[in-house]
Chemist: 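First the structure, then my questions, so here it is.
Starting from 1, each residue takes its place in the sequence as its number.
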Amino acid sequence: MSFAVTPERIWAALPKAYKRVGLTVNAVDSATRSMGFAGVVRRQLAGTPMSKFFACGNQMGENADVYDIILFIGTQVASDPVTHRITVSTNLRVSARSPAFATTTTVCT
């Protein structure tokens with residue numbers, strides 16, 4: 001599948017994509033065309049319970065819906081100088097922490 005789009009257009013659209021899912025971009029590296037979000041998210045993303053996105057175990061219900069979610073997500077837009085193929089990659093790291101026991105962190109999938 002092929003699309004008529006430039007890396008610059010994709011790069012410019014990323015903040016809107018993050019906002020659409022309820023995240024504000026708070027890290028940007030224009031030189032590498034990388035941006036993302038790092039922070040704590042509680043209960044929902046754009047009105048959707050966190051447990052729809054992440055599995056963080058359960059105690060008395062899904063932990064993702066009641067724990068503080070520590071989210072690191074980053075997206076990079078790259079262009080191969082030879083083939084001119086554009087690659088958009090997004091990586092994330094997610095963990096959860098009980099508000100009552102802030103020293104214990106659970107890795108989420």
Side-chain angles (χ1 to χ4, degrees):
M1 185 174 286
S2 170
F3 300 96
V5 68
T6 64
E8 293 77 20
R9 280 189 66 194
I10 296 170
W11 171 250
L14 284 177
K16 293 175 193 168
Y18 272 79
K19 187 172 186 165
R20 182 90 187 237
V21 295
L23 298 172
T24 301
V25 170
N26 60 14
V28 176
D29 183 346
S30 298
T32 62
R33 285 197 191 113
S34 302
M35 69 174 64
F37 169 84
V40 175
V41 181
R42 291 185 177 92
R43 304 199 189 281
Q44 297 182 350
L45 274 176
T48 303
M50 297 300 279
S51 60
K52 293 288 184 184
F53 303 107
F54 309 117
C56 305
N58 55 53
Q59 301 290 318
M60 297 180 72
E62 295 294 329
N63 290 345
D65 294 335
V66 294
Y67 280 22
D68 293 338
I69 301 298
I70 303 135
L71 178 61
F72 297 91
I73 182 168
T75 304
Q76 182 177 31
V77 179
S79 179
D80 186 296
V82 177
T83 65
H84 303 289
R85 290 183 59 125
I86 299 168
T87 304
V88 180
S89 57
T90 300
N91 296 290
L92 60 99
R93 187 173 72 216
V94 184
S95 58
R97 173 175 63 215
S98 167
F101 305 102
T103 58
T104 304
T105 302
T106 302
V107 176
C108 303
T109 58

Chemist: Rounded at 0.5 Å granularity, tell me how far CE in M50 sits from SG in C56.
Modeler: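 Here the interatomic distance stands at 7.5 Å.
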Chemist: Hey, does L14 have a side-chain heavy atom less than 4.5 Å from the side chain of V25?
Modeler: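 Result no, sub-4.5 Å side-chain heavy-atom pair not found.
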Chemist: For G22 and A46, work out which heavy atoms get closest and say how close.
Modeler: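 Nearest heavy atoms, G22 then A46: N-CB, 4.1 Å.
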Chemist: State the CD1-CZ distance between I73 and R93, to the nearest 0.5 angstrom.
Modeler: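 Result: 12.5 Å between the selected atoms.
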Chemist: Indicate yes or no: at least one non-hydrogen side-chain atom of E62 is less than 4.5 angstrom from one of P49.
Modeler: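 E62 does not reach P49 side chain to side chain.
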Chemist: Kindly give the heavy-atom pair with the smallest separation between I86 and V77, and that separation in Å.
Modeler: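 I86 and V77 have their closest heavy atoms at CG2-CG1, 4.1 Å.
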Chemist: Out of curiosity, R43 CZ to I69 CD1, how far, rounded to the nearest 0.5 Å?
Modeler: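 The CZ atom of R43 sits 10.5 Å away from the CD1 atom of I69.
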Chemist: To the nearest 0.5 Å, what is the distance between OG1 (T90) and OH (Y18)?
Modeler: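 The OG1 atom of T90 sits 5.5 Å away from the OH atom of Y18.
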Chemist: Ignoring hydrogens and angles, tell me if any N or O in the side chain of D29 forms a donor-acceptor pair with the backbone of S34 under 3.5 Å.
Modeler: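 No, the answer is negative, given that no donor and acceptor are paired below the 3.5 Å cut-off.
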Chemist: To the closest 0.5 Å, what do you measure between CG (N63) and CG (D68)?
Modeler: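 It is 11.5 Å, given to the nearest 0.5 Å.
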Chemist: Please report the shortest heavy-atom distance between Y67 and Q59, naming the atom on each side.
Modeler: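 Closest approach of Y67 to Q59, heavy atoms only: OH-CG, 3.7 Å.
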Chemist: Starting from V88, can I reach F72 by hopping between I/L/V/M/F/W/Y residues whose side chains sit under 4.5 Å apart?
Modeler: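 Unlinked, F72 and V88 end up in two clusters.
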Chemist: Under 4.5 Å between side-chain heavy atoms, counting indirect links through other Ile/Leu/Val/Met/Phe/Trp/Tyr residues: same cluster for F37 and F53 or not?
Modeler: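 Yes.
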Chemist: At what distance, to the nearest 0.5 angstrom, does CZ of R33 lie from CD1 of I10?
Modeler: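 Reported to 0.5 Å precision, the distance equals 9.0 Å.
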Chemist: Taking the side chain as every heavy atom from C-beta outward, state whether K52 and L45 have any pair of such atoms under 4.5 Å apart.
Modeler: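 No, every pair of side-chain atoms sits at 4.5 Å or beyond.
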Chemist: In the single-linkage hydrophobic clustering (I, L, V, M, F, W, Y; side-chain heavy atoms under 4.5 Å), do V66 and V94 co-cluster?
Modeler: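 No, no single cluster joins them.
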Chemist: Would V5 end up clustered with W11 when hydrophobic side chains under 4.5 Å apart are linked, directly or stepwise?
Modeler: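 Yes; tracing contacts between hydrophobic side chains, which count when under 4.5 Å, links both residues.
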Chemist: Please tell me if the side chains of F54 and L92 come closer than 4.5 Å, counting only heavy atoms from C-beta onward.
Modeler: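 Heavy-atom side-chain distance check passes, below 4.5 Å.
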Chemist: Is any side-chain heavy atom of T87 less than 4.5 Å from a side-chain heavy atom of D80?
Modeler: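 A side-chain contact is absent here, since even the closest heavy-atom pair is not under 4.5 Å.
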